[in-house]
Amino acid sequence: LVTDTKGKRSRPVALLVDDSQSMTNKDPRPNFADKWRAAVALGLVDPKQPPPATPSAGDVPNLPADPPSRLELAKAALSNDKLALLDGLK
């Protein structure tokens, strides 16, 4: 006798939170990929939109003149409804 049972089972997930002093760093984002990721986290670019294959300076919306800290970017990414990162953990 063989029984095939399918169903959903919740699996534990650990969420690591960095509270170190380095989270206050405001990293320069000199290359396009870094700027694109920051723009997605800040909600300036739709996360479903792929980065252009041959990017130009005008492809990324203007990031804040005062670069956001690592903590600000993490908060923005976690609270970005379009990314729904925390919803994916439920």
Side-chain angles (χ1 to χ4, degrees):
L1 177 67
V2 176
T3 304
D4 186 14
T5 305
K6 293 182 181 181
K8 292 185 178 183
R9 182 174 60 169
S10 59
R11 296 166 47 183
V13 175
L15 180 61
L16 178 64
V17 178
D18 184 351
D19 190 24
S20 66
Q21 187 175 0
S22 70
M23 291 299 286
T24 62
N25 289 355
K26 296 183 175 193
D27 298 316
R29 305 201 177 278
N31 66 48
F32 178 80
D34 285 341
K35 289 178 183 176
W36 187 265
R37 286 188 295 267
V40 168
L42 294 168
L44 302 174
V45 173
D46 187 334
K48 294 180 181 173
Q49 178 183 343
T54 52
S56 66
D59 288 330
V60 176
N62 290 333
L63 295 174
D66 183 25
S69 69
R70 293 175 183 177
L71 180 61
E72 291 167 333
L73 277 178
K75 283 181 178 180
L78 290 172
S79 63
N80 185 326
D81 291 335
K82 291 183 180 178
L83 288 173
L85 295 175
L86 295 177
D87 291 345
L89 297 177
K90 293 179 183 177

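In what follows, every heavy atom counts, from backbone to side chain, and hydrogens, waters and symmetry copies are set aside.
Applying the salt bridge (Lys or Arg N to Asp or Glu O under 4.0 Å) test to Asp46 and every residue at least two apart in sequence or in another chain returns nothing. Asn80 pairs by the side chain to side chain donor-acceptor pair (under 3.5 Å) definition with nothing, not counting sequence neighbours. For Arg37, the salt bridge (Lys or Arg N to Asp or Glu O under 4.0 Å) partners two or more places apart in sequence, or in a different chain, are Asp34. With sequence neighbours left out, the side chain to side chain contact (heavy atoms under 4.5 Å, CB included) criterion links Asp18 to Ser20, Ser22, Met23.
Judged as a ring-ring contact (aromatic ring centres under 6.0 Å, His included), the pairs with a partner in residues 6-35 (not counting sequence neighbours) are, in order, Phe32-Trp36. For residues 38-90, no residue pair satisfies the ring-ring contact (aromatic ring centres under 6.0 Å, His included) rule, not counting sequence neighbours.
Val13 and Leu85 fall within the same hydrophobic cluster, defined by Ile, Leu, Val, Met, Phe, Trp and Tyr side-chain heavy atoms under 4.5 Å apart, directly or through other members.
Residue Lys35 holds its NZ atom at 9.5 Å from CG of Asn62, rounded to the nearest 0.5 Å. Once rounded to the nearest 0.5 Å, the distance linking NZ of Lys75 with CG of Leu42 reads 13.0 Å. Once rounded to the nearest 0.5 Å, the distance linking CG of Asp81 with CG of Asp87 reads 8.0 Å.
Contact of the Asp27 side chain with the Pro67 side chain is not registered, since no non-hydrogen atoms from C-beta on lie closer than 4.5 Å.
Within 6.0 Å of atom CG in Asn31, more than 12 heavy atoms from other residues, nucleotides or ligands are found, so the atom counts as buried in its surroundings. The environment of Lys26 atom NZ is dense: over 12 non-hydrogen atoms of other residues, nucleotides or ligands sit within 6.0 angstrom.
Between Ala77 and Leu83, the shortest heavy-atom contact is O-CD1, 3.7 Å. Pairing each heavy atom of Thr54 with each of Asp59, the nearest pair is O-OD2, 4.1 Å.
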Next item on the list: Test Leu73 against Arg29 for side-chain contact (heavy atoms from CB on, under 4.5 Å), laying out the working first.
Entry: CA-CA 12 Å; Leu73 277 178; Arg29 305 201 177 278; 2.7 Å; yes
